[in-house]
Amino acid sequence: AAAVEAAHRAILDGIAAEPQTRAGMGATIVIAACDATHVGWAHCGDSRLYRFVGGTLHGFTRDHSVAAMIEPPRRDERPNAARNQLLRVLGVSDDPIEFDVHPPVALEPNERWLLCTDGWWELVLETEMEQDLAASSSPAEWLQRMEQRIERRLDADSDNYTAIAVWSD
């Protein structure tokens, strides 16, 4: 929670320092923290955390968008245009930021995590994430396989795409 609040404050400070070029700036965030036995996470906006156990999707964070708040997204479903209308974003208001914090859960053997921006998950379906995970021997290879899908699907209106993969033994 403290890291999300610090990021929010840093964005607000950056806007205040250069309002002519940074006015209207905002960001989404997804973070995870783990030790040898547990992992917890937080997010704000439409950046997502995906959790895979034994190669199978075990869930993902719920976006803070109009579309997701009306009806939670399902596996391999991509929301309509209202998904770009975010209800929670870092740096948009000086008010305290609202975000979700998931309490730590016990790590399971062969657990895999994907933390990514909307530009990533919009172009790679959850079924494809599982397929690419099954064909990969490392986090870097998994990301590379998914990025190849993204690059084939990019168009002029595509959002930025960023991801981090984390594997536990």
Side-chain donor-acceptor distances from residues 52-61 under 3.5 Å, at least two apart:
from	atom 1	to	atom 2	distance (Å)
T61	OG1	L49	N	3.1

Does a side-chain N-to-carboxylate-O contact under 4.0 Å join [X] and [Y]?
{"X": "E147", "Y": "R153", "value": "no"}
{"X": "R75", "Y": "E130", "value": "yes"}
{"X": "D94", "Y": "R9", "value": "yes"}

Compare every heavy atom of [Y] with every heavy atom of [X], then report the nearest pair and how far apart it is.
{"X": "L143", "Y": "A163", "value": "CD2-CB, 3.8 Å"}
{"X": "I15", "Y": "A23", "value": "CG2-CA, 4.3 Å"}
{"X": "L12", "Y": "G91", "value": "CD2-O, 3.5 Å"}
{"X": "V4", "Y": "A42", "value": "CG2-CB, 4.0 Å"}
{"X": "M25", "Y": "I11", "value": "CE-CG2, 3.9 Å"}
{"X": "P19", "Y": "A16", "value": "CD-O, 3.4 Å"}

Nearest-0.5 Å distance, [atom1] of residue [X] to [atom2] of residue [Y]:
{"X": "L154", "Y": "R149", "atom1": "CG", "atom2": "CZ", "value": "14.0 Å"}
{"X": "I150", "Y": "C116", "atom1": "CD1", "atom2": "SG", "value": "8.0 Å"}
{"X": "T162", "Y": "D118", "atom1": "OG1", "atom2": "CG", "value": "9.5 Å"}
{"X": "D95", "Y": "I97", "atom1": "CG", "atom2": "CD1", "value": "9.0 Å"}

Task: hydrophobic_cluster_shared for Y50 and V39, side chain cutoff 4.5 Å - done: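 No, because V39 and Y50 fall into different hydrophobic clusters, even though each may have its own neighbours under 4.5 Å.
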TODO: Go through the steps for L115 and W120 under the test side-chain contact (heavy atoms from CB on, under 4.5 Å), then give the verdict.
DONE: CA-CA 9 Å; L115 291 79; W120 190 280; over 6 Å; no
Task: Check: C44 and I29 side chains under 4.5 Å, non-hydrogen atoms - done: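 With C-beta onward as the side chain, the pair touches.
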Open item on the list: What I'd like to find out is whether the side chain of W167 reaches to under 4.5 Å of the side chain of L133, using heavy atoms alone.
Closed with: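 Yes, side chains in contact.
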Open item on the list: For a side-chain contact (heavy atoms from CB on, under 4.5 Å) check, start with the C-alpha distance between R112 and V166, then their side-chain angles and the critical distance, and finish with the verdict.
Closed with: CA-CA 6 Å; R112 308 297 188 239; V166 180; over 6 Å; no
Check for a donor-acceptor pair, side chain of [X] on one end and backbone N or O of [Y] on the other, with a separation under 3.5 Å.
{"X": "R145", "Y": "A135", "result": "yes"}
{"X": "R62", "Y": "P73", "result": "no"}
{"X": "E126", "Y": "D76", "result": "yes"}
{"X": "R78", "Y": "W121", "result": "yes"}
{"X": "S65", "Y": "L86", "result": "no"}
{"X": "E151", "Y": "Q148", "result": "no"}
{"X": "S136", "Y": "S138", "result": "no"}
{"X": "E141", "Y": "S137", "result": "yes"}

Open item on the list: I'd like to check the side chain to side chain donor-acceptor pair (under 3.5 Å) partners of D13; sequence neighbours left out, ordered by chain and number.
Closed with: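 So D13 forms no side chain to side chain donor-acceptor pair (under 3.5 Å) with any residue.
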Open item on the list: Please enumerate all residues that pass side chain to side chain donor-acceptor pair (under 3.5 Å) together with T21, with sequence neighbours excluded.
Closed with: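 For T21 the side chain to side chain donor-acceptor pair (under 3.5 Å) partners, ignoring immediate neighbours, are E18.
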TODO: Let me see the working for L114 and M129 under side-chain contact (heavy atoms from CB on, under 4.5 Å), right down to the final yes or no.
DONE: CA-CA 9 Å; L114 178 68; M129 292 175 191; 3.8 Å; yes
- [ ] Could I get the full list of salt bridge (charged side-chain N to carboxylate O under 4.0 Å, His left out) partners for E111, not counting sequence neighbours?
- [x]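 Salt bridge (charged side-chain N to carboxylate O under 4.0 Å, His left out) list for E111, sorted by chain: R51.
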Task: Over 12 non-hydrogen atoms of neighbours within 6.0 angstrom of CD1 in I164 - done: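 Count not over threshold, so no.
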TODO: Please check if any side-chain donor atom of D100 sits under 3.5 Å from a side-chain acceptor atom of H64, or the reverse.
DONE: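 H64 and D100 do have a side-chain donor-acceptor pair below 3.5 Å.
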Task: Steps toward side-chain contact (heavy atoms from CB on, under 4.5 Å) verdict (I31, H43) - done: CA-CA 6 Å; I31 61 173; H43 83 286; over 6 Å; no
Open item on the list: Holding to ring-ring contact (aromatic ring centres under 6.0 Å, His included), I want the full list of residues that pass it with H8, two or more places apart in sequence or in another chain.
Closed with: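 H8: no ring-ring contact (aromatic ring centres under 6.0 Å, His included) contacts found.
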Task: Residue pairs passing the ring pair (Phe, Tyr, Trp, His ring centres under 6.0 Å) test where at least one lies in residues 10-41, sequence neighbours excluded - done: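 Only W41-H102, W41-W113 qualify under ring pair (Phe, Tyr, Trp, His ring centres under 6.0 Å).
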